[in-house]
Amino acid sequence: MIEWNTIYITFKLAIITTSVLLLVGIPLAYWLAYGSSKLKFIFEALIALPLVLPPTVLGFYLLIAFSSQSSLGKFLDSHFNLSIAFTFSGLVIGSVIYSLPFMIQPIQAGFQQLSPSLKEASYTLGKSRWQTLTMVLLPNIKSALLTGIVLSFAHTIGEFGVVLMIGGNLDETRVASIAIFDSVNRLDYATAHSYSLLLLLFSFVILALVYFFNKKAMTSFR
């Protein structure tokens, strides 16, 4: 039988992760799209790394980095009374890092597809960089923003390897993907099927909505 607290933790994690990613993703994507640093390719590779790196590898190194035995873990514990390993806070940090490319790459592509004349016209009219970003650029990449938000949210919902390594299978850190794994281990296929069917339907609906709204936006643009 589905435990609704597990579903609540799953969606709570996805909402917080997506919100954090939106805040950090827009300035990072802007810099990657318009920045001129010669080292930009290194940051692009680091951000895209979770796309090819096995989640358990990333989760393992995050667990080591934030453990109570590491310097970083001791610093966070002594100065902020913050424990990362096997806590919900740890799940959020791991999910933000692992879902980073799913937010940044669509927004970066959206910025790069805009005509340079948009920025130039805005600056000519006396708008600041902030005004140009919020009043000119972002409204013109609504489809890219929607894609980044939805992909980040859906990816966090289904994440398994990172959350297993950082959060384990405790009551306060158990998400749906971990519940499926745990149910199969207990040969409770009925519960595993319930969680799996819920995630399958959710993933299909959310992707269908993205394609629908993106197609509608492209049609109105033409």
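Numbers here simply count residues along the sequence, with the first being 1. Values in this document were obtained by computation on a predicted structure and should not be read as measured data.
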What's the separation between atom [atom1] in [X] and atom [atom2] in [Y], rounded to the nearest 0.5 Å?
X: Tyr98; Y: Leu62; atom1: OH; atom2: CG; value: 11.5 Å
X: Tyr34; Y: Gln112; atom1: OH; atom2: CD; value: 8.0 Å
X: Lys12; Y: Thr156; atom1: NZ; atom2: OG1; value: 14.5 Å

Should the ring pair Phe153 and Phe11 be called parallel, tilted or perpendicular, given that the plane angle runs from 0 to 90° and is split at 30 and 60?
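Phe153 vs Phe11 ring planes: tilted.
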Describe, in one word, how the ring planes of Trp31 and Phe43 are oriented to each other, choosing from parallel (under 30°), tilted (30 to 60°) and perpendicular (over 60°).
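Correct class here is perpendicular.
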From CA spacing to verdict: side-chain contact (heavy atoms from CB on, under 4.5 Å), Val184, Tyr189:
CA-CA 6 Å; Val184 171; Tyr189 291 109; 4.2 Å; yes
For the residue pair Phe86 and Leu63, establish whether any side-chain heavy-atom pair is separated by less than 4.5 Å.
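The answer is yes; the side chains approach within 4.5 Å.
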Trp130 versus Met135: any side-chain heavy-atom pair under 4.5 Å?
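Side-chain contact under 4.5 Å: no.
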I'd like to know if Tyr8 and Val92 are part of one continuous hydrophobic network [Ile/Leu/Val/Met/Phe/Trp/Tyr, side-chain heavy atoms within less than 4.5 Å].
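Hydrophobic grouping puts Val92 with Tyr8.
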If hydrophobic clusters are built from ILVMFWY residues whose side chains come within less than 4.5 Å, do Ile157 and Leu198 share one?
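Yes; tracing contacts between hydrophobic side chains, which count when under 4.5 Å, links both residues.
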Are the aromatic ring centres of Phe75 and His79 under 6.0 angstrom apart?
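Distance test on ring centres: under 6.0 Å, yes.
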Among side-chain atoms of Ser89 and Thr87, is any donor-acceptor pair under 3.5 angstrom?
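Judged by distance alone, the side chains do not pair up.
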For a quick check under 3.5 Å, do Ser122 and Thr132 share a side-chain donor-acceptor pair by atom type?
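Indeed, the side chains of Ser122 and Thr132 share at least one donor-acceptor pair under 3.5 Å.
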With Glu172, which residues qualify under salt bridge (charged side-chain N to carboxylate O under 4.0 Å, His left out), at least two apart?
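Residues passing salt bridge (charged side-chain N to carboxylate O under 4.0 Å, His left out) with Glu172: none at all.
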Please list, chain by chain and in numerical order, all residues satisfying salt bridge (charged side-chain N to carboxylate O under 4.0 Å, His left out) with Asp77, sequence neighbours excluded.
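For Asp77, no residue satisfies salt bridge (charged side-chain N to carboxylate O under 4.0 Å, His left out) once neighbours in sequence are set aside.
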For a quick test of reading the model, state the closest non-hydrogen atom pair linking Ala179 to Thr6 and the distance between them.
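Reported closest heavy-atom pair: CB-CG2, 4.0 Å.
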